[in-house]
> 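The following block contains the structure, expressed as structure tokens.
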Amino acid sequence: MKILFATSEIAPWVKTGGLGDIAAALPPALRARGLDVRVLVPYYPALREAFPDAPEVAHAGHLGGLLPGAALRQATAPDGTPLLLLDFPGYFNRPGNPYLGADGRDWPDNHLRFGLLSRIAAWLGSESSTLDWQPDIVHCNDWQTGLAPAYLQYLPGARAKTVMTVHNLAFQGLFDHASLYELGLPDEAWHLHGVEYYGHLSFLKAGLRHAAALTTVSPTYALEIQTDEEGMGMAGLLRHRADRLTGILNGIDTEVWNPATDVFLKEPYRHYRVTALAAKRENKAVLQRLAGLAVRDDRPLFGVVSRLTHQKGLDLLAEIAATVLDLPAQLVVLGNGEASLEAAFRALAHDRPGECAVTIGFSEAQAHRIEAAADIFLMPSRFEPCGLNQMYSLRYGTPPVVRATGGLADTVVDAADERHGNGFVFRPATAEALLDAIRRAASAWRDNKRWRQLQKAGMTRDFGWLEPARRYEDIYRAL
Ligand code: ADP
Ligand code: GLC
């Protein structure tokens with residue numbers, strides 16, 4: 001069975017969040033099951049640099065509307081996964097974030113950029129394709145490739161079946177009516193049962209409407225998005241298509257995120273395992289020293305690695321952060337995003353030197369080191385389709401404090417459960433509820449024996465891709 005996995009991000013080259021991680025990990029897991037998977041991704045600068053000589057394997061002519069013709073190049077990722085690189089320099093050879101210009105705003109031609117990505121995914125799944133490889137399934141991810149099922153629906157010659165995975169319902173790919181023509185879609189697509197969404201064109205809705213199967217990244221999120229409270233305007237459609245919707249919990253890359261072999265834990269950091277957890281304490285001292293925190297082990301070190309956005313609920317933490325430091329405790333934060341949140345955490349670090357260290361930016365290495373050094377991880381998300389950092393934390397013996405939502409609810413078991421507890425869970429999205437959970441975590445941390453149990457429960461749980469890959473294969477086969 002041949003699968004085209006279409007994505008706008010792929011780690012380690014282009015990643016703004018979890019989608020990049022999934023696109024790097026799920027295709028190889030499917031290949032290990034014997035499926036013939038290729039990943040379609042734009043030829044961004046980082047991929048140009050990694051694969052400068054990727055040969056052209058196909059060329060699509062003009063594809064309708066304002067969409068240009070474009071070349072496809074092929075390369076092979078280090079793990080053996082074939083990559084199809086969509087080469088249209090005018091759209092994709094731009095520095096920085098894949099979606100935003102240097103001014104922090106969406107590129108004004110994003111509808112054309114990701115329209116082209118979607119259109120090429122559909123082209124590859126249709127009779128017009130000139131590539132000598134025909135996918136049976138086009139697997140789309142989030143709004144950036146959400147238009148592909150619509151193209152396959154409205155244009156002639158479709159061959160492939162489509163799967164649409166929602167990693168985040170909050171990003172809907174909304175553009176104005178004129179974009180319908182610019183994207184080369186016919187008038188008939190402008191319909192309540194088509195791509196139209198409250199007077200806009202929505203890439204995400206197009207995918208949810210037209211894909212043969214829908215998935216999202218945790219069982220709880222699959223239920224939540226069918227409710228009016230959490231469905232972000234798509235709940236009705238999702239309820240209508242509920243028999244097509246499956247929640248499959250993401251795996252994590254257990255090689256990249258393995259505390260016993262982590263390449264970012266080089267000197268002076270140390271590797272550790274469930275049987276050699278003492279090294280975690282040494283990593284804490286290293287991080288404290290390097291981050292300018294007081295080097296002491298008589299108080300818990302809380303860690304945050306996150307996009308700093310409303311979704312992640314870190315404004316709740318900002319509200320009570322001074323009280324948390326007074327417990328006493330320390331806090332280390334790595335993240336970037338909304339200016340007001342960046343400023344709030346910067347101010348906290350400034351007011352409480354030695355107790356709070358904040359890095360505004362994106363750093364893979366620092367993310368690993370925080371997981372390895374912190375005692376407790378904080379993830380108070382308002383909503384969280386799956387969430388990866390809580391799973392990394394569990395694996396690194398860093399029990400997380402999470403809100404009971406989406407994938408967090410599916411992976412973290414509150415310490416109140418003596419046997420299975422691996423973290424701390426709270427419900428209302430309020431600073432008080434978060435503070436209460438933080439207090440419980442800080443006091444459990446002081447009980448060595450109990451803490452070891454919590455760490456072990458997390459470190460020994462299986463978060464690999466074997467089971468999720470099997471479930472995706474079932475969906476492909478059913479189509
Ligand atoms: P989301 O995709 O909503 O941001 P996830 O938890 O699924 O949330 O995935 C986030 C991914 O991005 C994780 O791999 C996390 O380590 C990483 N990440 C987020 N912010 C940063 C940052 N500032 N520096 C390094 N890695 C980050
Ligand atoms: C999104 C979600 C996150 C999920 C990731 C990968 O970015 O916000 O919860 O883990 O996609 O599926």
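Because only heavy atoms are used, hydrogens play no part in the values below, and waters and symmetry mates are left out as well, while side chains stay in. Ligands are counted one by one from 1 in listed order, and the atoms in each one are counted from 1 as well.
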> Hey, is the main chain of Leu301 close enough, under 3.5 Å, to the side chain of Asp375 for a donor-acceptor pair?
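It does hold such a pair.
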> Is ligand 1 less than 4.0 angstrom away from at least one heavy atom of Lys312?
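Flag set, Lys312 near ligand 1.
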> For atom 14 (O) of ligand 1, what's the nearest protein heavy-atom neighbour? Residue, atom name and distance, please.
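Protein heavy atom at minimum distance: Asp21 OD2, 2.7 Å.
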> Under 4.0 Å from a heavy atom of Gly361: which atoms of ligand 1 are those, numbered in the order shown and with their elements?
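Close to Gly361: 22 (C), 23 (N).
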> Return the option from Ser381, Ser306, Gly407 holding the heavy atom at the smallest distance from atom 20 (N) of ligand 1.
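It is Ser306 whose heavy atom sits nearest to atom 20 (N) of ligand 1.
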> Taking distance alone, with N or O pairs closer than 3.5 Å, would you say Thr16 contacts ligand 1?
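The answer is no, given that Thr16 and ligand 1 share no N or O pair closer than 3.5 Å.
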> Does Gly387 reach ligand 2 with a nitrogen or oxygen that is under 3.5 Å from one of the ligand's nitrogen or oxygen atoms?
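Yes, Gly387 has an N/O under 3.5 Å of an N/O on ligand 2.
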> Phe264 vs His368 aromatic rings, parallel, tilted or perpendicular, using cut-offs 30° and 60°?
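Taking His368 first and then Phe264, their aromatic rings sit tilted (interplane angle of 30° to 60°).
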> Measure up the Trp143 and Phe203 rings against each other and bin them: parallel (under 30°), tilted (30 to 60°), perpendicular (over 60°).
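If you compare the ring of Trp143 with that of Phe203, the planes turn out perpendicular.
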> Can you pull out the closest protein heavy atom to atom 4 (O) of ligand 1? Residue, atom name and distance to 0.1 Å, please.
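The answer is Arg307 NE, 2.7 Å.
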> Any N or O of Glu364 that comes nearer than 3.5 Å to an N or O of ligand 1?
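No - when backbone and side-chain N and O of Glu364 are compared with those of ligand 1, no distance drops under 3.5 Å.
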> For atom 24 (N) of ligand 1, what is the nearest protein heavy atom, given as residue, atom name and distance?
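That would be Ser363 N, 3.0 Å.
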> Can you tell me if Thr7 and Asn141 form a side-chain donor-acceptor pair at under 3.5 Å?
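Thr7 vs Asn141: no donor-acceptor pair found between side chains.
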> Mark the output for Gly407 as yes if a heavy-atom distance to ligand 2 is under 4.0 Å, and as no if none is.
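No heavy atom of Gly407 comes that close to ligand 2.
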> Below the 3.5 angstrom mark, is there an N/O of Cys386, backbone or side chain, next to an N/O of ligand 2?
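In this structure, Cys386 places an N or O atom under 3.5 Å from an N or O of ligand 2.
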> Are any of the N or O atoms of Gly17 closer than 3.5 Å to those of ligand 1?
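The answer is no, given that Gly17 and ligand 1 share no N or O pair closer than 3.5 Å.
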> To which protein heavy atom is atom 10 (C) of ligand 1 closest, and what is the distance rounded to 0.1 Å?
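Result: Gly18 N, 3.7 Å.
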> Starting from atom 5 (C) of ligand 2, find the nearest protein heavy-atom neighbour and note its residue, name and distance.
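Protein heavy atom with the smallest distance to atom 5 (C) of ligand 2: Gly18 CA, 3.8 Å.
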> How far is atom 12 (O) of ligand 2 from the closest protein heavy atom, and which atom is that?
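Protein heavy atom at minimum distance: His167 ND1, 2.7 Å.
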> Do Ser381 and Gln311 get their side chains close enough for a donor-acceptor pair, meaning under 3.5 Å?
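Side-chain D/A pair, Ser381 to Gln311: absent.
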> Any non-hydrogen side-chain atom of Ile137 less than 4.5 Å from a side-chain atom of Leu4?
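Side-chain contact under 4.5 Å: no.
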> Return the orientation label for the Tyr396 and Tyr272 ring planes: parallel under 30°, perpendicular over 60°, tilted otherwise.
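Perpendicular: the ring planes of Tyr396 and Tyr272 meet at over 60°.
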> Which part of Asn250 is near ligand 2, with near meaning a heavy atom under 4.0 Å away: side chain, backbone, both or neither?
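It is the side chain that touches ligand 2; the backbone stays farther off.
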> Look at atom 15 (C) of ligand 1 and say which protein heavy atom is nearest, naming residue and atom and giving the distance to 0.1 Å.
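Minimum-distance protein heavy atom for atom 15 (C) of ligand 1 reads Asn389 OD1, 2.9 Å.
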> Can you tell me the protein heavy atom closest to atom 6 (O) of ligand 1 and the distance?
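Here the closest protein heavy atom is Leu388 N, 2.8 Å.
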> Look at atom CZ of Arg461 and say whether more than 12 heavy atoms of other residues, nucleotides or ligands are closer to it than 6.0 Å.
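Yes, CZ of Arg461 has more than 12 neighbouring heavy atoms, counting only those of other groups under 6.0 Å.
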> Of the protein's non-hydrogen atoms, which lies at the shortest distance from atom 18 (N) of ligand 1, and what is that distance?
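The answer is Phe362 CE1, 3.7 Å.
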> Is ligand 1 less than 4.0 angstrom away from at least one heavy atom of Cys386?
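Contact absent.
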> Select one of side chain, backbone, both or neither to describe which atoms of Asn168 lie under 4.0 Å from any atom of ligand 1, heavy atoms only.
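Near ligand 1, Asn168 shows nothing, with every heavy atom at 4.0 Å or more.
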> Would you mind telling me if ligand 1 is within reach of the side chain of Lys15, the backbone, both or neither, using heavy atoms under 4.0 Å?
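Only the side chain of Lys15 comes within reach of ligand 1.
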